[in-house]
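Inspection log for the structure reproduced underneath, given as structure tokens.
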Amino acid sequence: MMKIVTFKKRSIPVYYPVDQSMSVERFNDKLRELEMNFDFRKKWKRIKSVEMVRDVAILQYNDGTKLYLEVS
């Protein structure tokens, strides 16, 4: 499944399995925690998509590299 997440005026698609909807909610909570983290906000500008795998958000950059973010 897919859900659109908006953080700092930028919308990103989040892909996740049907049974992982709670992980997406935890990802939203994690984004709220990182709201004042300026380093993360700079990284967020280059993110193309997010894939949820259990309690890990895999943030994929435009150039193909990935950042792993634990959301539990």
Side-chain angles (χ1 to χ4, degrees):
M1 294 194 66
M2 183 184 80
K3 181 177 182 179
I4 302 295
V5 173
T6 302
F7 177 71
K8 295 296 176 186
K9 300 181 184 177
R10 182 156 159 71
S11 298
I12 303 291
V14 177
Y15 300 99
Y16 62 98
V18 176
D19 60 341
Q20 298 275 327
S21 61
M22 285 304 296
S23 295
V24 176
E25 296 305 319
R26 286 188 293 226
F27 178 64
N28 284 330
D29 295 340
K30 187 68 168 184
L31 287 178
R32 279 188 228 110
E33 287 178 23
L34 294 170
E35 189 170 11
M36 299 308 284
N37 184 330
F38 296 112
D39 186 45
F40 179 77
R41 287 167 58 176
K42 286 185 348 187
K43 291 177 183 179
W44 183 258
K45 292 178 184 178
R46 298 183 5 229
I47 300 295
K48 178 177 71 170
S49 65
V50 177
E51 181 182 351
M52 296 300 303
V53 178
R54 299 186 189 200
D55 291 339
V56 176
I58 303 170
L59 291 79
Q60 184 158 358
Y61 290 103
N62 292 327
D63 64 359
T65 58
K66 296 178 181 178
L67 172 69
Y68 295 88
L69 181 66
E70 185 177 351
V71 296
S72 61

Exercise for the section: Answer whether the closest heavy-atom distance between the side chains of L69 and V50 falls below 4.5 Å. Expected result: no
Practice task
Could you please spell out the steps behind the side-chain contact (heavy atoms from CB on, under 4.5 Å) verdict for L59 and K43?
Solution key: CA-CA 10 Å; L59 291 79; K43 291 177 183 179; over 6 Å; no
Exercise for the section: Determine, using the 4.5 Å side-chain heavy-atom cutoff (strictly less than), whether V14 and V18 are members of one ILVMFWY cluster. Expected result: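 Same hydrophobic cluster.
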Handout entry: Single-linkage hydrophobic cluster V71~M1, side-chain heavy atoms < 4.5 angstrom
Key = yes
Handout entry: Smallest separation among heavy atoms of V56 and Y68, with atom names
Key =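 Distance-wise, the nearest heavy atoms are CG1-CD2, 4.0 Å.
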Handout entry: Whichever hydrophobic residues join Y15 through chains of side-chain contacts under 4.5 Å
Key =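 Its cluster mates, by chain and number, are M2, I4.
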Please report the interatomic distance [atom1]([X]) to [atom2]([Y]), rounded to the nearest 0.5 Å.
X	Y	atom1	atom2	answer
T6	N28	OG1	CG	9.5 Å
E25	Y16	CD	OH	8.5 Å
F40	E33	CZ	CD	11.0 Å
S21	M52	OG	CE	10.5 Å

Exercise for the section: Give the intermediate values and the outcome of side-chain contact (heavy atoms from CB on, under 4.5 Å) for residues V5 and L31. Expected result: CA-CA 10 Å; V5 173; L31 287 178; 3.5 Å; yes
Exercise for the section: Could I get the full list of salt bridge (Lys or Arg N to Asp or Glu O under 4.0 Å) partners for D29, not counting sequence neighbours? Expected result: R32
Problem - side chain to side chain donor-acceptor pair (under 3.5 Å): pairs with one or both residues in residues 44-61, sequence neighbours excluded - result: R26-D55
Handout entry: Check: R41 side chain, M36 main-chain N or O, donor-acceptor pair, under 3.5 Å
Key = no
